Engineer: 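Input: one structure, supplied below.
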Amino acid sequence: MLRVIVLLNTVVLDLYRASSYAHPAAGVACVVVMVLWTGFAIWAYAAPARRTAWLLVADLGIAVALVLVSPAIKGDGIETTIPGFWVMGALLAWALHWRWVGGLVAAACLSAADLAVRTHLTQANYGNVFLLLVGGPVVGFMCASLQQMADERDVAERSAAAAVERARLARAVHDGVLQVLALVQRRGAELGGEPAELGRLAGEQEAALRTLIRRQDAVTGPAADGTAATDLVAALTRLEVTRPVSVAVPAEPVPLPAAVAAELVAVVEACLDNVARHVGPQAPAWVLLEALPGHLDLSVRDEGPGIPEGRLAEAEREGRLGVVESIRGRIADLGGTATLTTGSFGTEWELRVPRTVTAP
Amino acid sequence: MDEPVRVMVVDDHPMWRDAVERDLAASGFTVVAVAASGREALARFTATRPQVVVLDLQIPAPGGVEVTAEVIRQDPSARVLILSASGEQGDVLAAVKAGATGYLVKSASREELLSAVRRVAAGDTVFTPGLAGLVLGEFRRISGGGPEDRSDGDGIHRPELTERETEVLRMVAKGMSYKQIAERLVLSHRTVQNHVQNTLRKLQMHNRVELTRYAIEQGLDDDE
């Protein structure tokens, strides 16, 4: 398209000035050459297979030749060459094809030819040459950058698509495995005896795999204070693998500084150890995490007989309040509070820590 | 006293489908259809009109969440019980927002499954503590929000739980049964049940409002 526009411009200008030509017939021949070459070039450049070095060399060669023959046809002391701006086509082709080097070489060739036919150098001539020398490499450079960006984008898109596909496949496989493990667990428990043991093992594996999937899905950013973050949701959910505990959490990750998350999980584990010791190793327990805007609420509950009245006071008098005091102290170190409720309905720890907490 | 409950079982895993179907049939439910994909499920739902759909979330497209939404759209009196082996909590929450009223993990025992189907059919909600935790978290997210959506200036009513509803939902999330909650709060079993249902209803309504708002924003409500 550009070639056609610059061709029309040149043809019109040449026709306009035809009367001043020393050899009008040769001038017309030059114009015919430009028209034919433009048509050929548009066709030739259309297909990548035809964009050979020969085509580019011929393109530039014809442009240079037309510039060089200009004085012979128009007579000495010319203001403009016959092809004029038409040479732009060849220059841009070189810049597109061989980047800034091509742009520079083509610009240099055209400038040299242009200067060679001038009898005297005007400011306008100098300006044109300067523009050629600057424009050729710049277009070539931009072209290279665009190509590189397009390549990088393609690579990124391909790897993103591959990652999504991998995740999809993994999910399909995991889901199948989870289903079988859950089925084995269920049937095993119904059959009793050795199958029940198999079922129990399958159940453990199911919980482990489920936790793994959760952990993969939870993408954690940096914590509030910029240190490496741990997702408290994933960390608490992991407890379900090894303990008879049900963990209820929000759907979204709760990123915390790794040390804080580890300490909170450790406190919850201490509470659960206490349940195992006083209620029974297989006694069920429930953990609830609530993420509020300003603080986190954690609850650890069991349905044991509760701590008998007066027992805590008695223990305190005897100077042994080990676990309870340790839990309170550790939460206080995190800037929070720990409340213990106990009764015939069971025992419940309610832990509240500020969200902006940093490691003690 | 009443007709057997009509159930459809949707699961792409033949072993599971058969096991669940057998268990349900053995205890007096009528399994009117089984399906292995979302497409089959919707076609057979329209044809057989089951009262309860026992639905796995991970099925060939359309997925469990879409199937839930479509089933409830076609027949608001139908009940959807999610029975999922999937570790994806987000999907479970999405299914509940789309209208499911029950959720059970696949490793639950046969008795738990049968009881869940019975209760869902009777209009009750069946929650695991885990799901109650997710719903609770969702309300915290909606109402706490970020500072940017605090100024909800476009007149959309943001759902909020009453203090009592929050209290009940927290107790469910802490693993307490409705009976225990009723005793602890000195309420009737029915009242506790209603509170839990209300929390779900509010969440589902909010979901519909959000979807409608999204549709309007996207210009999808044009009938042309």
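As the structure is a prediction and not an experimental result, all values here were calculated from the model. Sequence lines set the chain letters: A, B, ... in the order given, protein chains first and strands last, and positions in each chain run from 1. Scope of the values below: all heavy atoms of this structure, side chains included, with no hydrogens, waters or symmetry mates.
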Engineer: Does CD belonging to A:Glu194 count more than 12 external heavy atoms closer than 6.0 Å?
Structural biologist: no
Engineer: Determine, step by step, whether A:Arg186 and B:Asp23 satisfy the side-chain contact (heavy atoms from CB on, under 4.5 Å) criterion, reporting the C-alpha distance in whole Å, the side-chain angles of both residues, the deciding distance to 0.1 Å, and the verdict.
Structural biologist: CA-CA 12 Å; A:Arg186 188 157 170 263; B:Asp23 287 352; 2.6 Å; yes
Engineer: Which heavy atom of A:Val249 sits nearest to which heavy atom of B:Leu134, and what is that distance?
Structural biologist: O-CD2, 3.3 Å
Engineer: Does CZ belonging to A:Arg200 count more than 12 external heavy atoms closer than 6.0 Å?
Structural biologist: yes
Engineer: If you measure from CE on B:Met176 to CZ on A:Arg301, what distance do you get to the nearest 0.5 Å?
Structural biologist: 5.0 Å
Engineer: Is B:Ala173 in contact with chain A via its backbone, its side chain, both, or neither, using a 4.5 Å heavy-atom distance?
Structural biologist: both
Engineer: To the closest 0.5 Å, what do you measure between CD (A:Glu252) and CZ (B:Arg141)?
Structural biologist: 5.0 Å
Engineer: Counting neighbours of CD on A:Glu157 that are heavy atoms of other residues, nucleotides or ligands and sit closer than 6.0 Å, is the number greater than 12?
Structural biologist: yes
Engineer: Name the option with the most non-hydrogen atom pairs under 4.5 Å to chain A; the candidates are B:Glu183, B:Glu138, B:Arg184.
Structural biologist: B:Arg184
Engineer: Considering only heavy atoms and a distance below 4.5 Å, find which of B:Met15, B:Lys106, B:Lys174 pairs most often with chain A.
Structural biologist: B:Lys174
Engineer: Of all of B:Pro129, B:Ala108, B:Gly175, which one pairs up most often with chain A through heavy atoms under 4.5 Å apart?
Structural biologist: B:Gly175
Engineer: Relative to chain A, which segment of B:Leu83 carries a heavy atom at a distance below 4.5 Å: side chain, backbone, both, or neither?
Structural biologist: neither
Engineer: At a heavy-atom separation under 4.5 Å, does A:Ala189 approach chain B through its side chain, its backbone, both, or neither?
Structural biologist: neither
Engineer: Given side-chain contact (heavy atoms from CB on, under 4.5 Å), test B:His13 with A:Leu183 step by step and report yes or no.
Structural biologist: CA-CA 11 Å; B:His13 218 274; A:Leu183 188 63; 5.7 Å; no
Engineer: Quick check: closest heavy atoms across B:Leu93 and A:Ala251, and the distance to 0.1 Å?
Structural biologist: CD2-CB, 3.8 Å
